[in-house]
Amino acid sequence: MKFYDPSVIEKKWQCHWQDNDSFKPAGDGTPYYQLEMFPYPSGRIHMGHVRNYTIGDVLARFHAARGRRVFHPMGWDAFGLPAEAAAIERGVAPASWTRSNIEEMKKQLGRLGFSYDPGTELATCDVDYYRWEQLFFVQMLERGIAYRKSAVVNWCEGCGTVLANEQVDGDSCWRGHSPVTPRELDQWFLKITDYADELLDGLDELKGKWPDKVLTMQRNWIGRSEGVEVFFELPALGEPLKVFTTRVDTLFGATFVCIAPEHPAAMKLAEAGGREKEAREFVAAVAARSNVERAQGKQGFDTGSRAVNPVNGEEIPVFLGDFVLMGYGTGAVMSVPAHDQRDFEFARGNCIAVRPVIAPPAGPLVATDMTEAMVEDGILHDSGDFDGLASSDAREGICAQLVKMQRGRAVVNYRLRDWGISRQRYWGCPIPVIYCDSCGTVAVPEKDLPVVLPEDITMPPSGASPLASLTGFAQVSCPGCGGEARRETDTMDTFMESSWYFLRYTSAGDEQRPFDPAAVAEWLPVSQYVGGVEHAVLHLLYSRFFTRVLRDLGWLDLSEPFGELLTQGMVIKDGSKMSKSKGNVVDPDELIERYGADTARLFSVFAAPPEKDLEWSEKGVEGASRFISRVWRQVVVAAEETSGDCSDPGPESLDEEGRRLRGVVHETIQRVSHDVGARLRFNTAIAAIMELVNEYQSADFTALADGERLHRFGLGTVLLLLGPFVPHVANELWGELTGQEDMNQQGWPVHDEAALLRESIEIVLQVNGKIRSRIQVSADIDRDELGRLALADSRVIAYLDGADPRKVVVVPGRLVNVVI
RNA sequence: GCGAGAGUGGCGGAAUUGGCAGACGCACUGGAUUUAGGAUCCAGCCCGCUACGCGGUUGGGGGUUCGAGUCCCCCCUCUCGCACCA
């Protein structure tokens with residue numbers, strides 16, 4: 001018997017596919033764009049990659065077999081900090097470190113037999129890629145989408161650069177756990193806030209296509225909030241203080257106003273209140289604490305100044321509060337202790353009056369009895385002309401009144417901030433801007449693009465970017481006046497590259513333009529995107545934004561770049577994520593060496609549904625390997641006796657048992673097609689194939705009419721169904737069994753609806769909902785007859801014990817429930 | 001605290017619309033084959049019991065229904081996300 005040696009057949013088929021250009025989009029089927037999040041070339045692939053890319057490959061191969069015109073590209077997210085760290089450690093340039101990693105990882109991915117179109121490979125660190133990004137940036141600058149401002153930004157000590165808000169996790173960096181501290185710097189930003197509403201509304205279209213969890217996370221991150229800006233006059237300064245509130249219905253209950261310690265009016269108010277010195281100490285104390293520490297307490301400071309409530313003319317104190325954030329709304333809030341829990345706590349700590357103005361259904365509250373704020377809507381009282389109104393009506397009424405008085409306006413606030421893209425790093429896409437003393441900030445003219453990142457450098461041990469000190473790079477003449485000028489030496493956030501790589505894939509190698517609009521129109525939006533949930537509000541939000549910007553710049557006609565999204569779970573071992581520090585990593589190469597790529601692939605998709613975490617199990621891998629060997633033996637043994645045509649023999653030449661087996665084959669086709677094509681449940685698809693294999697293993701085909709043919713049909717179908725999962729072994733065995741060269745010509749099997757109908761079926765008989773008997777009946781039996789048969793069953797009669805059934809529930813094809 | 005998701009054998013996990021709970025795999029037990037081990041094949045494998053039968057069982061409690069893992073209400077636990085956003 002031919003021996004199963006994965007290393008031989010896997011190499012053979014990988015060469016075959018390469019030589020035949022097997023994975024170029026082919027045929028005239030409906031286009032299908034299968035995309036997986038491209039990897040950072042860290043040097044070695046890990047099990048997370050194996051799982052991610054196997055899921056994508058199964059889908060790509062499945063849809064190709066089904067006749068779709070499949071586009072399945074792969075590339076490298078090649079800029080980023082690890083290259084700099086490695087460069088310092090090993091004394092090699094980031095560019096060469098990155099490129100050799102790409103070569104190594106490409107080999108590794110190659111060993112897994114993924115169906116990538118090799119003609120589309122790209123690396124974002126190549127000038128041919130990032131030059132277009134620079135062009136986009138220059139155009140964004142012209143349109144005001146990119147702008148520079150001084151702002152308090154997140155400085156990450158570990159990375160030696162600033163991070164965007166999305167990239168900060170509490171008080172630390174999203175990647176490592178290095179601390180992040182505020183720092184004021186001149187930085188480049190992209191106006192993602194201009195797109196806040198569109199990005200939010202777009203989520204509705206994605207409902208049902210993206211996991212709810214991701215949609216919710218994006219919605220929360222954008223954080224749209226409708227409310228009113230109320231102007232409180234500040235007599236001491238002779239100007240109004242603007243506060244934002246979503247609960248303007250509680251305005252009559254405001255007993256103080258609270259502003260952020262960083263608020264521009266803070267010190268002026270303290271001065272006017274004669275408490276300047278103490279205020280300075282308070283502000284310094286707050287500034288010394290981190291955001292997380294600040295979130296613990298609720299400290300306040302009375303400025304001694306007062307503000308006037310526009311609706312009742314009341315003068316109320318102005319406090320500085322550490323819980324008020326300068327970055328949200330106006331950095332000032334009106335405080336209503338009776339109806340806001342934070343204000344309630346603050347008021348109790350600072351001896352401020354609690355004044356209820358919203359009554360719950362049970363009637364108005366008494367301030368002295370309150371132990372917590374009443375935050376629900378209710379009926380207004382002690383609110384002048386608005387008494388008796390419901391909260392929602394009062395919000396409208398009071399807002400209208402404020403507008404009329406020119407003391408307020410309706411506003412929408414967002415939690416989302418503009419995307420800070422400057423990075424004080426070397427290994428990234430240069431920001432194409434020049435600073436000139438006479439002309440100011442000038443974009444590099446399009447004709448001078450690209451600004452090429454010098455690759456032949458040595459990283460200083462300090463880790464600082466070498467760009468600023470590279471005179472050949474940093475010193476330029478101004479494109480405006482020709483005088484001496486300095487180049488921007490910050491580079492772009494690497495999330496810039498991943499925000500449009502899926503567009504470039506469609507036109508890789510095009511030297512004239514970033515992408516061909518026709519190709520983009522053909523393939524986009526991505527049919528199925530597969531990646532980790534950690535990018536829910538990073539890459540996935542940036543890409544949605546970037547695509548809209550490119551649309552508005554006239555590059556394409558598309559808003560949502562991704563259609564269906566599958567977020568796969570992590571690969572876990574011993575209860576935690578595989579990581580070097582935990583010492584629980586499994587090396588994919590060793591796995592392939594030992595069991596073969598097909599086993600690695602099979603296990604990755606069999607052991608758990610794709611969106612759940614996958615617990616690593618050596619025994620589970622062995623199980624997957626054992627199944628492949630079993631199929632191998634079954635097919636090779638069968639092929640020794642009978643080979644050739646594997647098509648459906650049809651029902652006529654078969655006997656009853658043969659027709660039943662044929663039915664099982666068709667049922668398996670249906671289940672697998674549905675599980676892979678519609679449900680994305682590969683584990684159950686494989687289980688269904690295993691059932692068929694088990695069924696076939698115990699059948700004796702020599703005893704059946706047209707048995708050889710039926711045998712080949714079933715085994716051939718198993719191979720076709722296994723093709724997307726274990727392509728090497730499936731193709732090899734297909735050749736053995738059929739004598740045909742290429743399984744891919746065969747296409748995906750289609751089930752015969754008629755074959756699914758059983759001649760006789762088992763019906764469960766229940767008495768009072770408990771199973772008491774089973775009967776075998778003809779599949780086309782009618783309802784009444786089935787009910788009669790149930791009542792005639794001896795065991796049912798015994799349970800009835802002479803009683804008359806109160807009710808007989810007949811569920812055709814399933815059961816009969818006799819109720820006494 | 002708010003939001004989302006999940007709780008099913010020894011384990012990973014099935015059960016598409018309310019209709020046979022535990023598919024498939026792992027582990028385990030017995031048998032066959034084998035000099036032995038491994039591999040393979042066959043059989044068993046939710047729990048309890050006076051065992052060809054009966055009872056119980058999908059985190060706990062209640063409800064709707066002829067019938068609930070699935071629908072509704074209350075509670076518990078876990079995971080993830082957000083976390084003073086005014």
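Naming: A, B, ... by sequence-line order, numbering from 1 per chain. Any value given below was found using the heavy atoms of this structure, including those in side chains, with hydrogens, waters and symmetry copies removed.
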#### Entry: Interatomic distance at C1', B:rU58 relative to B:rC71, whole Å
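These two C1' atoms come out 16 Å apart once rounded.
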### Task
Using the six-membered ring of A:F231, assess whether NZ or CZ of A:R407 lies under 6.0 Å from its centre and within 45 degrees of the ring axis.
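Judged by the rule (NZ or CZ under 6.0 Å from the ring centre, within 45° of its axis), A:R407 is not positioned above A:F231.
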### Query
Going by the side chain to side chain donor-acceptor pair (under 3.5 Å) test, which pairs reach into residues 674-693 of chain A, not counting sequence neighbours?
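Those involving residues 674-693 of chain A are A:E611-A:R681, A:R671-A:E691, A:D675-A:R679, A:D675-A:T684, A:R679-A:T684.
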### Query
In B/S/- notation, 5' to 3', how is nucleotides 14-26 of chain B contacted by protein heavy atoms closer than 4.0 Å?
SSB--BBS-BBSS
### Task
Encode nucleotides 43-59 of chain B as B, S and - characters from 5' to 3', where the letter depends on protein heavy atoms closer than 4.0 Å: B to the base, S only to sugar-phosphate, - to neither.
-----------SSS---
### Task
Tell me, please, which residues at least two apart from A:F346 pass ring pair (Phe, Tyr, Trp, His ring centres under 6.0 Å).
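Only A:F256, A:F319, A:F323 meet the ring pair (Phe, Tyr, Trp, His ring centres under 6.0 Å) criterion with A:F346.
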### Message
Going by ring pair (Phe, Tyr, Trp, His ring centres under 6.0 Å), name the residues that satisfy it together with A:H339, two or more places apart in sequence or in a different chain.
### Response
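Partners of A:H339 under the ring pair (Phe, Tyr, Trp, His ring centres under 6.0 Å) test: none.
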### Message
Going by the rule side-chain hydrogen bond (donor to acceptor under 3.5 Å, both in side chains), which residues pair with A:R51 if we only count those two or more places apart in sequence or in a different chain?
### Response
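side-chain hydrogen bond (donor to acceptor under 3.5 Å, both in side chains) check on A:R51 returns nothing, list empty.
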### Task
Give RNA chain B the dot-bracket treatment, 5' to 3': Watson-Crick (N1-N3 with N6-O4 or O6-N4) or G-U (N1-O2, O6-N3) under 3.5 Å, [ ] crossing, | other strand.
(((((((..(((......[....))).(((((.......))))).((((...))))..(((((..]....))))))))))))....
#### Entry: Most 5' of A:N768 and A:E615 on RNA chain B, judged by nearest nucleotide
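Comparing both residues, the 5'-ward one is A:E615.
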### Message
By nearest heavy atom, map A:M217 and A:V324 onto RNA chain B; which one lands nearer the 5' end?
### Response
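Result: A:M217.
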### Message
If you take any heavy atom closer than 4.0 Å to RNA chain B, which residues from residues 250-260 of chain A end up in contact?
### Response
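None - not one residue of the stretch has a heavy atom sitting under 4.0 Å from the strand.
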Return the set of residues passing side-chain contact (heavy atoms from CB on, under 4.5 Å) with [X] (not counting sequence neighbours), or none when no residue passes.
X: A:V809; result: A:K807, A:V811, A:N817
X: A:A164; result: A:E166, A:Q167, A:W419, A:R423, A:Y542
X: A:V537; result: A:M217, A:Q218, A:W221
X: A:K577; result: A:M570

### Task
Kindly say if A:Y414 contacts the phosphate of B:rC85, meaning a side-chain N or O under 4.0 Å from OP1 or OP2.
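Checking B:rC85 against A:Y414, no side-chain N or O comes under 4.0 Å of OP1 or OP2.
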